[in-house]
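Heads up: the structure comes next, in structure tokens.
Because the structure is a prediction, the values reported are computed rather than measured. Below, chains carry the letters A, B, ... as their sequence lines are ordered, and counting in each starts from 1.
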Amino acid sequence: MTLDFLGTLQRTHTCGELRASDAGKSVVLLGWVNRRRDHGNLIFLDLRDRYGISQVVLDKDLGDAAHAKAEQARPEYVVAAVGKVRLRGKDVVNPKMATGEVEIVAEELRILNDAKVPPFSPAEDAIANEEVRLKYRYLDLRRPEMQHNFEVRHKVALAVREYLSGQGFYEIETPFMTRSTPEGARDYLVPSRVHPGNFYALPQSPQLFKQILMISGMDRYFQIARCFRDEDLRADRQPEFTQIDLEMTFPQQETVFRIVEGFLSAAFKAVGITLPTPFPQITYDEAMRNYGIDKPDLRLPGLTDVKSAFTAENLAALQIDASLPVVALRIPKVGELSRKERDDNKPLFDTRKGAKYIDDLKRLEKGFPEAAAKVRELAQGGADDLLIVVAGDAATHIKASDTKSAGRLSEREIAIYSAAGNFRVELAKKYADRHGAFAVTDAAVNSPERDTGLTDGSAAFRPIWVTDFPMFEHDEETGKWMPSHHPFTSPHEEDMDRLVSDPASVRARYYDVAMNGLELGSGSIRIHQQQVQQEIFRALGMSDEEARERFGFFLEALQYGTPPHGGIALGLDRIVMILAGANSLREVIAFPKTAKAIDLMVDAPTPVSEQQLRELHIRPTKG
RNA sequence: GGGGACGUAGCUCAGUUGGUUAGAGCGCUGCCCUGUCACGGCAGAGGUCGCGGGUUCGAGCCCCGUCGUCCCCGCCA
């Protein structure tokens with residue numbers, strides 16, 4: 001088949017914009033053949049582009065040549081249709097299509113390019129398996145759903161840029177080829193040709209650069225920054241991902257919060273969803289007590305302390321450790337579970353750290369009617385709610401080097417709360433059809449109002465600030481105190497005197513923003529005084545020499561008039577994932593990698609030539 | 001590093017207790033069709049059952065290994 005040339009043709013309209021009011025216009029449409037319906041002397045071609053689909057009609061009586069071209073057209077061919085917009089007859093209007101009131105009567109059809117039969121059709125609703133989708137990513141990205149996801153992504157990024165620019169933030173780029181910074185992940189390394197045996201690292205985040213930009217007097221910085229971490233992947237983790245990264249001088253924690261609330265609500269508004277501000281706040285300890293997790297999903301009720309429902313005798317009889325929390329989790333409208341359902345749920349509960357649970361309230365009611373009634377009352381359990389009591393198992397003896405510290409949760413307490421919190425999340429996922437709390441989010445994501453106006457997102461999207469994380473974590477293996485985050489996070493000023501005497505009690509000026517059970521971002525007020533920085537390093541058991549070796553350039557910079565500063569980084573991919581209603585980051589990243597960090601389209605990584613390796617002074621030990 | 005699910009036609013999947021020539025829908029090819037929009041009708045092509053080994057008279061099915069994709073734990077503040 002000979003292909004046609006575009007010639008001087010110019011697109012007059014996209015495939016998504018023609019309406020009844022355009023009837024009579026002469027138009028040129030350019031796009032892909034979505035479908036062909038061949039009735040013999042009458043052929044319909046659906047033309048598709050990013051903007052939509054329009055029907056082109058080819059009537060043999062009205063033009064033999066154009067009709068003949070249409071006979072040759074096949075799905076995914078690229079064609080130009082020249083013709084007139086015509087109102088469709090009343091009985092053939094297609095209300096399912098935005099352009100369904102009109103059609104283009106083609107006077108000329110040019111086939112600008114043909115296409116092999118694709119391994120899967122972008123026009124089909126059924127989606128192929130991910131391996132095929134990723135290999136032929138360009139076909140996958142043609143699908144309207146994917147095009148929509150990237151529209152969302154673009155709008156979010158643009159809204160963030162506009163908002164932050166309006167707040168005085170400069171967008172400043174930082175290097176990709178740099179040295180290892182202190183996030184705890186493995187680095188992707190780039191070998192140096194001119195310095196044998198030396199490597200650059202790709203940034204896990206621009207953390208130290210943005211702090212140095214504050215020292216540099218840039219006052220307010222942001223960047224939509226690519227970050228790289230060489231760790232095993234998950235549905236919500238890719239080896240390279242994008243953060244909305246920002247830093248500012250002289251902030252209070254609340255200053256950062258207002259900025260983030262501002263750009264998040266602007267981003268949501270850009271895709272048609274209102275997000276009320278300010279976001280609620282809870283401390284890390286409250287989050288653990290109330291939700292058993294540091295990224296609570298507020299769409300469902302939290303945990304309830306129900307220890308007071310039980311007498312000491314009750315607890316002893318139930319083999320419950322009275323020194324540990326006793327909490328109830330409630331999932332609305334799940335109803336009573338059958339014996340089989342309860343058995344099926346067993347693997348969802350983590351018993352490794354001495355937690356156990358009672359999910360048969362009927363039995364509890366038989367043996368301990370008063371306690372059961374009190375649990376139901378405290379947890380405000382409706383008749384059709386699923387209620388489960390989680391507690392410490394008195395029968396398991398955890399060899400606990402427990403780190404109880406004044407005013408903070410102990411590791412064993414956290415273990416009980418976590419077991420309950422994770423169980424809550426798992427059961428909520430499993431019984432989503434029954435409680436319906438997640439369907440609200442799906443409905444908001446798919447709301448048709450978003451095209452025309454604003455949808456209320458207050459029930460569907462539940463952001464929350466989590467503050468006052470512990471400064472240190474106890475490493476069970478080494479017995480050392482480790483920074484919970486990076487070691488440049490400032491402790492609370494009033495906790496500083498306990499850095500050595502009681503590290504577990506020290507709160508960090510560190511905060512997370514979470515939404516619907518997903519961590520969206522985290523940040524902190526940083527240390528700006530060299531002396532405090534040294535104290536932190538010492539508390540971490542790091543010698544001055546070691547600190548100098550790892551962060552010397554930064555410690556040096558700290559000494560030249562560093563202003564108080566702080567900031568945050570939010571995962572752009574995750575925000576878009578929520579707004580797209582997707583279950584995986586791969587749905588919102590144009591060219592993502594598989595769970596084994598492989599790019600199936602370009603087939604990376606690959607071996608390289610001996611020559612390249614020699615130049616880089618590298619000799620692989622295998623492969 | 002560990003656990004789980006999946007792998008059969010281009011795509012989505014079925015395939016009984018191990019038994020003759022491995023099926024369906026969509027897609028594809030050809031012919032027919034002037035109002036379809038998931039068009040329709042007739043005919044047809046299309047298979048290394050992921051790969052390797054084993055058990056067996058006989059393996060898509062059982063066993064061992066291996067590769068790939070996905071999910072989870074560890075890991076990732």
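Between the CD atom of A/Q204 and the P atom of B/A77 there is a distance of 6 Å, rounded to whole Å. Atom pair A/L62:CG and B/G35:C1' shows a separation of 13 Å (rounding to whole Å applied). One interatomic measurement links the two molecules: NZ of A/K295 to P of B/C76, which rounds to 14 Å at whole-angstrom precision. Rounding to whole angstrom units, CZ of residue A/F44 and P of B/G40 are separated by 14 Å. Per the geometry, CG belonging to A/L540 stands 15 Å off P belonging to B/A77, to the nearest Å. Straight-line distance from the CG atom of A/L87 to the C1' atom of B/G35: 15 Å, rounded to whole Å. Rounded to whole Å, the distance from OH on A/Y188 to C1' on B/C76 is 12 Å. Per the geometry, CG belonging to A/N94 stands 5 Å off C1' belonging to B/C37, to the nearest Å.
For residues 123-132 of chain A, the side chain to side chain donor-acceptor pair (under 3.5 Å) pairs, not counting sequence neighbours, are A/E130-A/R586. For the salt bridge (charged side-chain N to carboxylate O under 4.0 Å, His left out) condition, the pairs that include at least one residue of residues 590-599 of chain A, sequence neighbours left out, are A/E240-A/K593.
The partner of B/G40 is B/C32, judged by Watson-Crick or G-U wobble contacts that both fall below 3.5 Å. Look at B/G25: its Watson-Crick or wobble partner, with both distances under 3.5 angstrom, is B/C11. Across all strands shown, B/C70 forms a Watson-Crick or G-U wobble pair, both distances under 3.5 Å, with B/G4.
Judged purely by atom type and a 3.5 angstrom limit, A/D468 has no side-chain atom pairing as donor or acceptor with the backbone of A/R507. At least one donor-acceptor pair under 3.5 Å links the side chain of A/T99 to the backbone N or O of A/I53. In this structure a side-chain-to-backbone donor-acceptor pair under 3.5 Å is missing from A/E101 to A/L87.
Here the side chain of A/R35 is nearest to one of B/C28, B/G35, B/A38, namely B/A38. Taking the side chain of A/H39 as heavy atoms from C-beta on, and the options B/C28, B/A38, B/G35, the nearest nucleotide is B/G35. The side chain of A/R37 lies closest to B/C39 when the candidates are B/A77, B/C39, B/G35.
With C1' as the reference atom, B/U29 and B/A14 are 25 Å apart, rounded to whole Å. The same atom, C1', is picked in B/C26 and in B/G46; the two are 14 Å apart, to the nearest Å. Here, B/G3 and B/G74 have their P atoms 15 Å apart, quoted to the whole Å. A gap of 24 Å separates the C1' atoms of B/G19 and B/C64, to the nearest Å. Taking atom P on both B/C13 and B/C32, the two are 36 Å apart, rounded to the nearest angstrom. Comparing the C1' positions of B/A59 and B/A22 gives a spacing of 13 Å, expressed to the nearest Å. Annotation: B/G2 and B/G50 have their P atoms spaced 24 Å apart (nearest Å). The gap from the C1' atom of B/U17 to that of B/C62 amounts to 12 Å, rounded to the nearest Å.
No contact: A/R143 has no heavy atom under 4.0 Å from any strand. Note on A/P483: nothing from the nucleic acid sits closer than 4.0 angstrom, heavy atoms only. Counting non-hydrogen atoms under 4.0 angstrom, A/E519 reaches nothing in the nucleic acid. The residue A/S522 sits close to a base: some heavy atom pair falls under 4.0 Å.
In this structure, the side chains of A/Q204 and A/D187 come closer than 4.5 Å at one or more pairs of heavy atoms. Here the side chains of A/Y77 and A/D114 are in contact, with some heavy-atom distance below 4.5 Å.
For the pair A/P122 and A/R142, the tightest heavy-atom approach, listed with the atom from each and the gap, is CB-CB, 3.9 Å. Here the closest heavy-atom approach between residue A/D297 and residue A/N516 is recorded as OD2-O, 3.3 Å.
Summary of the strand contacts: A/I127 and A/K60 both lie near RNA chain B, and taking for each the nucleotide with the nearest heavy atom, the more 5' one is attributed to A/I127.
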Table of protein N/O atoms under 3.5 Å from nucleotides 29-32 of chain B N/O atoms:
| unit_1 | atom_1 | unit_2 | atom_2 | d |
| --- | --- | --- | --- | --- |
| B/U29 | OP1 | A/R74 | NE | 3.2 |

Check: protein-nucleotides 3-10 of chain B nitrogen or oxygen pairs below 3.5 Å:
| unit_1 | atom_1 | unit_2 | atom_2 | d |
| --- | --- | --- | --- | --- |
| B/G10 | O2' | A/P119 | O | 2.7 |

> How would nucleotides 69-75 of chain B be written as a contact map, 5' to 3', with B for base contact, S for sugar-phosphate-only contact and - for no contact, using protein heavy atoms under 4.0 Å?
Replying inline: SSSSBBB
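With sequence neighbours excluded, the residues satisfying side-chain contact (heavy atoms from CB on, under 4.5 Å) with A/I127 are A/R133, A/R143. Residues forming a side-chain hydrogen bond (donor to acceptor under 3.5 Å, both in side chains) with A/E103 (at least two apart in sequence, or on another chain): A/Q55, A/R86. Every residue meeting the side-chain hydrogen bond (donor to acceptor under 3.5 Å, both in side chains) condition with A/R48, not counting sequence neighbours, appears here in chain and number order: A/N34, A/E76. By the side-chain contact (heavy atoms from CB on, under 4.5 Å) test, A/D350 pairs with A/R352, sequence neighbours left out. Applying the side-chain hydrogen bond (donor to acceptor under 3.5 Å, both in side chains) test to A/Y200 and every residue at least two apart in sequence or in another chain returns nothing. Partners of A/E108 by side-chain hydrogen bond (donor to acceptor under 3.5 Å, both in side chains), not counting sequence neighbours, listed by chain and number: A/R110.
Only A/Y510, listed by number, bring a heavy atom of residues 508-515 of chain A to less than 4.0 angstrom from any atom of RNA chain B.
For A/E124 and B/U12, a side-chain-to-base donor-acceptor distance below 3.5 Å is absent, hydrogens and geometry of angles not being considered.
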> Could you walk me through whether A/K295 and A/D512 pass the salt bridge (Lys or Arg N to Asp or Glu O under 4.0 Å) check?
Replying inline: CA-CA 8 Å; A/K295 44 181 180 182; A/D512 272 6; over 6 Å; no
